[in-house]
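Numbers for residues simply follow the sequence, beginning at 1.
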Amino acid sequence: MPSWRDHPNAPAQGSVLCAVADIPEGSGFEVMYGEGIKKLRVVAFRDGETVWAYVNSCPHFSLPLNAKPQTFLISERNQVMCAFHCAIFRFEDGACIDGPAVGMGLETVPISIQNGQVVIQ
């Protein structure tokens, strides 16, 4: 399975994904790279000052987790539900803990926080 880094629109290491403040507390913020069906969708989730980033693609059916722009279904604290088939993923490791993608997980995008910015590693 190819890595997100192999995507033609993958951002370079050191690119700023977004500001930590752009991510609503306890929710997600999506950034898209490229256009049309070839775009790469990345989502960052936040709990306080802790941020995780993943490719925004449910492994069950390769659809984004959100059906509407910047609208994520938060099922419980630090869990997001896929808007299409109800798979539930944990923020902290992207693992699916309920629904049709149990045993699968979101593809991690490694990040660090630098001066309030989420930076791709």
Side-chain angles (χ1 to χ4, degrees):
M1 182 167 156
S3 163
W4 68 271
R5 291 187 191 272
D6 299 324
H7 192 283
N9 294 312
Q13 185 175 355
S15 297
V16 173
L17 181 66
C18 62
V20 172
D22 291 338
I23 310 164
E25 174 62 31
S27 192
F29 183 79
E30 182 180 44
V31 178
M32 292 184 231
Y33 297 93
E35 310 243 340
I37 61 170
K38 295 284 187 182
K39 66 184 161 221
L40 174 65
R41 301 167 79 125
V42 177
V43 61
F45 297 108
R46 175 179 169 211
D47 181 15
E49 294 304 310
T50 305
V51 176
W52 304 269
Y54 301 98
V55 173
N56 188 6
S57 180
C58 179
H60 168 242
F61 208 64
S62 300
L63 292 171
L65 297 173
N66 53 320
K68 296 180 182 177
Q70 304 302 350
T71 303
F72 294 89
L73 301 173
I74 305 304
S75 63
E76 291 185 26
R77 182 168 176 86
N78 294 345
Q79 296 176 0
V80 62
M81 183 169 59
C82 176
F84 295 96
H85 297 115
C86 302
I88 298 175
F89 301 89
R90 293 187 300 228
F91 284 8
E92 71 256 20
D93 59 7
C96 181
I97 58 170
D98 196 7
V102 167
M104 294 186 257
L106 302 173
E107 184 179 0
T108 301
V109 175
I111 57 165
S112 64
I113 307 300
Q114 299 174 15
N115 300 318
Q117 302 292 309
V118 180
V119 179
I120 294 176
Q121 295 301 295

List the steps, then state whether side chain to side chain contact (heavy atoms under 4.5 Å, CB included) holds for L65 with F89. CA-CA 10 Å; L65 297 173; F89 301 89; 3.8 Å; yes
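- Interatomic distance, N66 CG to S27 OG, rounded to the nearest 0.5 Å: 9.5 Å.
- Annotation: side chain to side chain donor-acceptor pair (under 3.5 Å) contacts of R41 (sequence neighbours excluded): E30.
- Closest of all the heavy-atom pairs between A101 and P59 is CB-CG, 4.2 Å.
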Exercise for review: Start with the C-alpha distance between I120 and W4, add both sets of side-chain angles, then the distance that settles side chain to side chain contact (heavy atoms under 4.5 Å, CB included), and finish with yes or no.
Suggested key: CA-CA 12 Å; I120 294 176; W4 68 271; 3.7 Å; yes
- Intermediate values then yes/no, side chain to side chain contact (heavy atoms under 4.5 Å, CB included), S57 and L63: CA-CA 5 Å; S57 180; L63 292 171; over 6 Å; no
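- Counting only heavy atoms from C-beta outward, the side chains of R90 and N78 never approach each other to under 4.5 Å.
- Partners of T108 by side chain to side chain contact (heavy atoms under 4.5 Å, CB included), not counting sequence neighbours, listed by chain and number: Y54.
- By the 4.5 Å heavy-atom criterion applied to side chains, V51 and I113 are counted as neighbours.
- Considering only residues two or more places apart in sequence or on other chains, H7 meets the ring pair (Phe, Tyr, Trp, His ring centres under 6.0 Å) condition with none of them.
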Practice item. Kindly indicate, with the supporting measurements, whether the criterion side chain to side chain contact (heavy atoms under 4.5 Å, CB included) is fulfilled by L17 and V109. Key: CA-CA 10 Å; L17 181 66; V109 175; 5.9 Å; no
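- Qualifying ring pair (Phe, Tyr, Trp, His ring centres under 6.0 Å) partners for F45, counting only residues two or more places apart in sequence or in other chains: F72, F91.
- V119 belongs to a hydrophobic cluster whose other members, connected by ILVMFWY side-chain contacts under 4.5 Å either directly or through intermediates, are V16.
- Here the side chains of M81 and C58 are not in contact, with every heavy-atom distance at 4.5 Å or above.
- Under the 4.5 Å side-chain criterion, counting only non-hydrogen atoms from C-beta, V42 is not in contact with N56.
- At a threshold of 4.5 Å between non-hydrogen side-chain atoms, the residues I88 and V80 do not count as touching.
- For F84, there are no ring pair (Phe, Tyr, Trp, His ring centres under 6.0 Å) partners, not counting sequence neighbours.
- L73 and I23 sit in two unconnected hydrophobic clusters of ILVMFWY residues. Membership requires side-chain heavy atoms under 4.5 Å apart, directly or through other members.
- Within the 4.5 Å cutoff, side-chain heavy atoms of R46 are placed close to those of V20.
- Under the 4.5 Å side-chain criterion, counting only non-hydrogen atoms from C-beta, D47 is in contact with E25.
- By the criterion of side-chain heavy atoms lying less than 4.5 angstrom apart, applied directly or through intervening Ile, Leu, Val, Met, Phe, Trp or Tyr residues, V118 is not grouped with V43; the two fall into different hydrophobic clusters.
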